[in-house]
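Worksheet: the structure to be examined is printed underneath.
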Number of protein chains: 2
Amino acid sequence: MSSLAYILMGLLKDEPLTGYELNKRFQYATQFFWTTDQSQIYRALSKMHERGWVEIEYVVQEENPNKKIYHLTPSGYEALRVWLATPLKPEASRSPYLAQIFYGGDLTAEELIGVLEARLKWQDPEREELEKRWAEVKDYPDTEITKAQFLRRLTLEYGVLWYRLQRDFLEDAIARIRAKWEDET
Amino acid sequence: MSSLAYILMGLLKDEPLTGYELNKRFQYATQFFWTTDQSQIYRALSKMHERGWVEIEYVVQEENPNKKIYHLTPSGYEALRVWLATPLKPEASRSPYLAQIFYGGDLTAEELIGVLEARLKWQDPEREELEKRWAEVKDYPDTEITKAQFLRRLTLEYGVLWYRLQRDFLEDAIARIRAKWEDET
DNA sequence: CCTTTATATATGCAATTACATATATAAACT
DNA sequence: AGTTTATATATGTAATTGCATATATAAAGG
């Protein structure tokens with residue numbers, strides 16, 4: 001099973017949820033370490049059910065479509081525990097925008113910078129969203145929160161650091177490319 | 001076409017190469033922004049040939065298997081240029097190890113730290129390799145190198161900054177998890 | 001002597017992915 | 001009046017992926 005199943009089980013560990021609700025969590029809770037499509041969530045839930053990792057509670061509704069609430073089973077929890085403690089092999093690196101810089105020697109400064117500005121433009125709102133969440137929790141000492149809260153905050157901190165690195169690098173790169181290209185002409 | 005074809009053309013822009021040689025470049029030149037499998041390179045080259053982006057020079061050898069040297073065509077170069085100047089949509093984030101931290105509240109400190117130490121162990125040699133390459137080029141002023149060298153160095157710099165962030169985060173996380181778990185017991 | 005490594009290209013395959021689309025009702029917006 | 005959004009689940013599909021394996025020769029290492 002791909003990581004997706006385990007990430008879903010991580011969410012189900014705290015509360016039973018429908019596929020629809022899990023999908024909504026994905027736009028918020030896990031978005032900086034895992035993104036996925038709605039269709040993948042339903043497919044993953046099917047496979048998890050086949051394996052007995054989740055049980056389905058069918059809920060008939062009148063105003064809205066019927067729904068299936070997924071409950072994590074003990075066997076699912078066990079599978080999650082094992083996965084959480086298993087060192088994973090390195091992920092594939094995939095940053096096509098770095099390739100665009102790497103090979104961009106023949107482009108104009110505007111073309112190159114256009115690519116980097118576009119990236120800044122979508123990354124910065126995401127960075128600000130994380131900064132906001134980080135500001136709310138950063139001041140509690142490690143000793144005054146639960147282990148789970150501590151770990152969630154730790155990943156949030158990583159997210160903030162990562163986005164700041166991206167922003168700093170992009171801003172620096174844009175300035176230096178501009179200077180370099182002006183110099184050469 | 002996926003980014004792979006363009007990254008291959010970026011390499012072919014400077015010199016015609018065989019699939020075998022391209023594969024070797026991938027373990028070095030591009031490894032921190034793109035990793036791939038040997039089989040993907042041959043498959044991508046086939047597709048690129050169908051599209052007329054590369055031409056094949058057949059070389060018969062006696063001591064070694066025959067080989068095909070791929071030359072970038074003007075139409076390939078043009079496709080590369082267009083891609084390089086096109087802002088790409090955000091890549092999917094995929095960091096399962098962050099998920100392991102995020103959901104790791106029920107694990108022991110040793111289990112959690114084991115995952116992080118394993119990651120440090122494979123990342124640190126890669127970081128050191130990049131640091132070494134960075135040390136060799138970092139002191140030339142931007143004005144004394146070509147645009148292409150400048151951009152290659154810029155991506156290398158990003159790679160170094162990224163690996164340092166990883167190391168700093170992992171070391172800090174390990175220390176804080178250890179402290180927190182000792183505290184709770 | 002046997003195994004591994006280097007040279008060189010290629011296919012089979014199952015898993016995973018993103019994107020589009022289907023179905024259905026109700027509310028809210030334009 | 002017509003469109004979009006929210007609720008809710010599901011399938012079709014082409015592309016891409018990593019891994020394994022096939023073929024073939026020569027050199028180097030154990």
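A note on names: the letters A, B, ... follow the listed sequences, proteins ahead of strands, and every chain is numbered from 1.
- Within 3.5 Å, a donor on the side chain of B/R43 pairs with an acceptor on the base of C/dG12, or the reverse.
- Atom CD of B/Q27 and atom C1' of C/dT5 are 14 Å apart (whole Å).
- Between B/R119 and A/E91, at least one side-chain nitrogen of the basic residue sits less than 4.0 Å from a carboxylate oxygen of the acidic one, meeting the salt-bridge criterion.
- Considering only side-chain N and O atoms, A/Y42 lies nowhere under 4.0 angstrom from the phosphate OP1 or OP2 of D/dA10.
- Distances shorter than 4.0 Å separate none of the side-chain N or O atoms of A/K89 from OP1 or OP2 on D/dG18.
- If A/N66 and A/D37 are placed on DNA chain D by their nearest nucleotide, the residue sitting closer to the 5' end is A/N66.
- Taking 4.0 Å as the cut-off between side-chain N and carboxylate O, B/D172 and B/R176 count as a salt-bridged pair.
- Within residues 10-23 of chain A, no residue approaches DNA chain C, by heavy-atom distance under 4.0 Å.
- A sub-4.0 Å separation between OP1 or OP2 of C/dA10 and a side-chain N or O of B/S39 is absent.
- Checked against the 6.0 Å centroid threshold, B/Y70 and B/W53 do not count as a close aromatic pair.
- Contact detail for A/Y28 and A/E129: the closest heavy-atom pair is CE1-OE2, 3.8 Å.
- OP1 or OP2 of D/dT7 has at least one side-chain nitrogen or oxygen of A/K24 nearer than 4.0 Å.
- The base of C/dA8 does not come close enough to the side chain of B/Q61 for any donor and acceptor atom to sit less than 3.5 Å apart.
- Ion pair B/K180/B/E184 flagged as a salt bridge, since at least one NZ, NE, NH1 or NH2 atom sits closer than 4.0 Å to an Asp/Glu carboxylate oxygen.
- Distance check, rounded to the nearest 0.5 Å: OG of A/S2 to NZ of A/K47 gives 7.5 Å.
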